Amino acid sequence: MRRTHTCGSLRASDAGNKAVLMGWVNRRRDLGNLIFVDVRDRTGVTQVVFGKEMNPALHGRAGELRNEYVIAVVGSVKQRDPNTVNRNIPSGDVEVIAEELRILNEAKQPPFLPGETVLPNEELRLKYRYIDLRRDAMQFNIELRHKVALAIRDYLSAQGFFEIETPFMTRSTPEGARDYLVPSRVQPGSFYALPQSPQLFKQILMIAGFDRYFQIVRCFRDEDLRADRQPEFTQIDLEISYPQPERVYEIVEGLLTIAFQAGGFRINTPFPRMTYDEAIRLYGSDKPDMRLPVMVDVRGAFAHEQLAALGISPASPVLAIRIPNVGELSRKERDELKPLFNGRGNAKLFEDFKRLEKSFPVPAATIREQTGAQASDLLVLVTGESKVGEHKSEGGVKPEVKQHDQAVYTAAGLLRVSLAQRYADRHGLFQGGELRFLWVTDFPMFEYDEEGRRWAAAHHPFTSPHERDMDKLESDPGAVRALAYDIVLNGTELGSGSIRIHRQDIQQKIFHALGMSQEEARARFGFFLEALEYGTPPHGGIALGLDRMVMILASAESLREVIPFPKTARAVDLMVDAPTPVSESQLKELGISVRKS
RNA sequence: GGGGACGUAGUUCAGUUGGUUAGAACGCUGCCCUGUCACGGCAGAGGCCGCGGGUUCGAGUCCCGUCGUCCCCGCCA
């Protein structure tokens with residue numbers, strides 16, 4: 001028996017034809033001598049009719065059908081009477097009058113039904129993922145993901161990119177995230193690492209003359225999970241030779257245009273740009289959500305004595321956060337707000353603007369004016385607390401002072417976003433599918449690692465510094481800016497890239513600035529440093545998070561909604577129950593012994 | 001590593017100040033029903049209240065621990 005139609009395809013124009021449908025029993029409505037069965041596949045549902053009068057034996061067998069049985073139905077397509085048309089489904093103009101029924105497979109009573117309107121908890125959904133994936137919403141998301149990936153492949157291929165695979169079993173690199181390790185049987189005690197990204201391979205592909213490379217590729221990072229972070233995730237990784245940042249921006253803007261088109265969205269290019277320093281200053285974040293108003297530094301609104309009276313450090317910014325239409329907060333709401341505020345460093349919060357207004361009416365009026373706040377807007381201030389004897393240490397080392405201010409900016413930035421999320425229903429700025437893209441450029445080359453007491457690469461150590469900052473590599477690493485850029489959408493980092501170093505001598509300097517000796521650099525990246533010496537073209541690229549992109553297109557709150565088989569917050573796959581211990585013999589073969597603790 | 005929320009029938013949830021036999025809806029089973037489409041009606045089955053310990057005459061409810069899921073901080077070049 002051969003399927004002639006999918007369950008979502010029949011229309012009035014098919015009336016009078018024979019049809020063979022195959023699918024799941026989505027719902028059965030048994031009216032006694034008349035039974036309706038909705039047959040479902042990934043394309044939709046079609047109503048099948050079994051009448052006792054027409055065919056008693058068949059009607060009897062239809063009575064045996066249960067939810068999620070897999071069936072084949074032969075019948076004739078009939079236009080429904082006008083008063084029985086179902087406007088809620090695309091196939092609602094027709095129904096199939098059954099002539100033959102085959103039960104292809106029975107189903108145990110499932111723990112939950114795909115057609116149910118209330119969702120079971122996520123633990124159950126993940127354990128019985130194959131049932132969860134039958135739900136419309138999941139079918140839609142996975143199809144969306146396919147369409148987006150396909151559109152991207154077509155686009156990049158048309159732009160002259162080759163899709164080239166790189167190894168999954170590769171070399172551990174100590175920089176960056178923790179690696180997932182794969183033990184070698186042939187060389188006991190040695191390990192491959194799963195790639196955190198194909199970074200060095202794609203650079204070597206440029207050295208190898210492929211000019212333009214891309215790959216939709218799985219990456220692995222052994223770090224703690226979040227709603228938007230899975231231990232394995234998919235990147236759209238690309239690299240081009242002879243780049244300017246501008247070329248990368250154009251390619252990515254084109255790519256996102258067609259990807260979002262595949263998801264049913266129109267976007268406008270080119271995207272606005274902002275340096276990292278501006279982003280921190282104006283939004284307290286390196287991934288600003290542009291749907292919300294900018295923060296305003298209103299320290300000029302206060303006189304020196306007023307700052308002192310308020311306990312505000314005179315050198316600190318005073319950042320006004322405005323959230324439109326949230327209105328004044330009640331006493332209780334203000335109390336609930338405090339835990340949202342991460343008062344790291346010396347960051348200090350003024351959550352009661354009304355009260356401030358009473359004591360300091362003139363500055364408050366200035367603040368209202370500078371922020372453009374309406375009476376219905378929520379205003380809070382974040383600033384730096386002045387403490388006796390504060391940051392006198394280490395002779396005012398520059399990065400220390402900077403990081404001090406940075407704490408105020410980022411505390412404000414985090415609060416801005418949490419406030420907006422909490423009161424989303426009042427300001428309504430997160431509805432309506434607004435897409436605010438942004439390029440954030442000129443990231444710092446290095447970040448100071450407090451724990452390790454050393455400089456670390458902010459992006460990765462193969463990122464090219466700005467030409468103009470080369471001379472500061474030794475003297476003032478914190479001031480060196482990199483040719484690195486992030487693409488940000490609605491406060492989510494969609495992708496991150498850079499122009500790479502293509503000269504071996506500069507690469508050496510960077511390793512040196514990172515406190516890595518020549519021997520150490522050779523030991524870790526010798527193969528790469530050597531490759532750089534054999535005629536390396538200038539090159540650069542970016543990697544975009546496919547999962548995050550599809551998540552936004554699907555308006556999903558979690559990556560798990562767009563990944564067929566995701567892991568829980570403890571990095572467990574509940575369906576297959578991984579990870580698991582392995583047998584003693586397997587371990588022995590690998591030369592591994594597990595320490596019991 | 002730290003903070004928070006949750007865990008009661010197959011599922012989603014309710015369960016009062018600690019007090020008799022732990023409820024509802026959906027699902028499931030049986031019967032009735034010829035135009036339903038979240039069909040309807042009647043009847044019924046279904047519970048280790050996550051697990052372990054404690055307090056108490058008495059614990060779903062209070063306390064401690066533990067396991068699991070989710071969210072956040074740290075972490076994520």
Side-chain angles (χ1 to χ4, degrees), chain A residues 26-39 45-54 59 63 66-68 78 80-89 91-92 95 97 108-128 131 173-179 196-197 199-200 219-231 233 336 339-344 410-411 414 417-418 421 443-447 449-451 455-463 482 484 493 496-498 510 514 543 545 557-558 560 567-570 572 574:
Chain A
N26 195 49
R27 218 172 224 120
R28 184 177 53 110
R29 290 176 294 281
D30 188 342
L31 277 62
N33 289 332
L34 193 61
I35 297 173
F36 299 99
V37 173
D38 292 339
V39 191
V45 294
T46 296
Q47 174 165 284
V48 178
V49 187
F50 298 86
K52 194 170 190 176
E53 239 169 47
M54 296 180 286
H59 173 268
R66 295 293 179 270
N67 286 322
E68 299 306 301
K78 188 195 137 203
R80 295 202 201 181
D81 291 338
N83 58 324
T84 63
V85 164
N86 184 353
R87 304 251 167 254
N88 300 320
I89 55 172
S91 69
E95 59 196 6
I97 309 299
K108 272 172 57 177
Q109 174 60 30
F112 59 95
L113 292 172
E116 216 38 76
T117 41
V118 278
L119 271 181
N121 76 48
E122 200 162 1
E123 208 174 338
L124 206 68
R125 290 178 56 199
L126 290 174
K127 181 167 180 199
Y128 298 96
I131 295 171
T173 54
E175 295 280 333
R178 270 186 289 270
D179 288 320
Q196 297 175 24
S197 86
Q199 184 58 36
L200 290 178
C219 301
F220 307 86
R221 292 179 192 174
D222 184 5
E223 295 295 344
D224 288 342
L225 288 79
R226 288 286 189 285
D228 63 351
R229 262 162 42 190
Q230 283 273 313
F233 60 99
E336 287 167 353
L340 296 181
F341 180 69
N342 186 345
R344 242 174 312 172
T410 53
L414 286 171
V417 172
S418 344
Q421 277 164 358
F443 274 76
M445 184 71 196
F446 305 105
E447 275 165 0
D449 174 11
E450 296 286 350
E451 228 171 280
W455 290 97
H459 184 55
H460 56 58
F462 316 105
T463 302
E493 181 198 314
S496 189
S498 63
I510 299 299
L514 289 168
E557 297 286 319
S558 154
R560 296 183 299 276
K567 291 179 177 54
T568 69
R570 280 175 58 257
V572 167
L574 291 177

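Every chain is numbered from 1 and lettered A, B, ... according to where its sequence line falls, protein lines coming before strand lines. A quick note: this is a predicted structure, and the numbers were derived from the prediction, not measured. These values consider heavy atoms only, across backbone and side chains, with no hydrogens, waters or symmetry-generated copies.
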field: N/O donor-acceptor pair under 3.5 Å between A/N121 side chain and A/E123 backbone
entry: yes
- line: By the Watson-Crick or G-U definition, both distances under 3.5 Å, B/G40 is matched with B/C32
query: To the side chain of A/E122, which of B/C70, B/A38, B/C76 is closest?
result: B/C70
query: With respect to the side chain of A/E116, which nucleotide from B/A38, B/C75, B/C26 is positioned closest?
result: B/C26
query: Tell me, for nucleotides 28-35 of chain B in 5' to 3' order, what letter each nucleotide earns: B for a base near a protein heavy atom under 4.0 Å, S for only sugar-phosphate near one, - for neither?
result: SSS--BBB
statement: When rounded to whole Å, the CD1 to C1' distance for the pair A/I131 and B/G10 reads 11 Å
- request: Let me know the distance between NZ of A/K127 and P of B/G10, rounded to the nearest Å.
  value: 13 Å
- line: Applied to residues 29-38 of chain A, the side-chain hydrogen bond (donor to acceptor under 3.5 Å, both in side chains) test, sequence neighbours excluded, yields A/R29-A/D38, A/R29-A/Q47
- request: Can you sort out the partners of A/K567 under side chain to side chain donor-acceptor pair (under 3.5 Å), two or more places apart, ordered by chain and number?
  value: A/E232
message: With a cut-off of less than 4.0 Å, is there a side-chain N or O of A/R229 near OP1 or OP2 of B/C71?
response: no
- request: Provide the Watson-Crick or G-U wobble partner of B/G47, both distances under 3.5 Å; none if there is no partner.
  value: none
- line: When every non-hydrogen atom of A/A482 is compared with those of A/T463, the smallest separation belongs to CB-CG2, 3.6 Å
task: Round to a whole Å and report the spacing from CG of A/N121 to C1' of B/A5.
output: 14 Å
query: A/R178: what forms a side-chain contact (heavy atoms from CB on, under 4.5 Å) with it, not counting sequence neighbours?
result: A/D222, A/E223
message: When the C1' atoms of B/U21 and B/C73 are compared, how many Å lie between them, rounded to an integer?
response: 48 Å
query: Just by distance, do the side chain of A/R221 and the backbone of A/Q196 share a donor-acceptor pair under 3.5 Å?
result: yes
- prompt: Does A/R178 make a side-chain N or O approach to OP1 or OP2 of B/C76 shorter than 4.0 Å?
  reply: no
statement: For B/G68, the nucleotide meeting Watson-Crick or G-U wobble distances (both under 3.5 Å) is B/C6
message: Is there a side-chain contact between A/R226 and the phosphate of B/C73, meaning an N or O under 4.0 Å from OP1 or OP2?
response: yes
- prompt: Can you find a side chain N or O atom of A/R29 that sits less than 4.0 Å from OP1 or OP2 on B/U36?
  reply: no
message: Both distances below 3.5 Å, Watson-Crick or wobble geometry, any strand: find the nucleotide opposite B/A24.
response: B/U12
task: Rounded to the nearest angstrom, tell me the gap between atom CZ in A/F112 and atom P in B/C13.
output: 14 Å
message: From the set B/C76, B/C72, B/C70, return the single nucleotide nearest to any side-chain atom of A/A177.
response: B/C76
task: In whole angstrom, give the distance that lies between atom CG of A/D224 and atom P of B/C76.
output: 11 Å
Separation of atom CD in A/E123 from atom P in B/G7, rounded to whole Å: 13 Å
Non-neighbouring partners of A/F443 that pass ring-ring contact (aromatic ring centres under 6.0 Å, His included), sequence neighbours left out: A/Y276
task: Let me know, please, whether A/E557 or A/A457 comes out on the 5' side of the other along RNA chain B by nearest nucleotide.
output: A/E557
field: P atoms of B/G2 and B/C49, separation to the nearest Å
entry: 30 Å
- request: Apply side chain to side chain donor-acceptor pair (under 3.5 Å) to A/D228 and list each qualifying residue two or more places apart in sequence or on a separate chain.
  value: none
field: B/A38 phosphate, OP1 or OP2, under 4.0 Å from A/T117 side-chain N/O
entry: no
message: Need the pair for B/U61. Rule: Watson-Crick or G-U wobble, both distances under 3.5 Å, any strand; none if unpaired.
response: none
message: Suppose you measure atom C1' in B/G23 against the same atom in B/C67; what distance do you get, rounded to whole Å?
response: 28 Å
task: Would you mind telling me which residue lines up with the more 5' stretch of RNA chain B, A/P111 or A/I89, judged by nearest nucleotide?
output: A/P111
- request: Considering only atom C1', compute the distance from B/G4 to B/A9 and round it to an integer number of Å.
  value: 29 Å
field: Distance in angstrom units between A/R570 CZ and B/C71 C1', rounded
entry: 16 Å
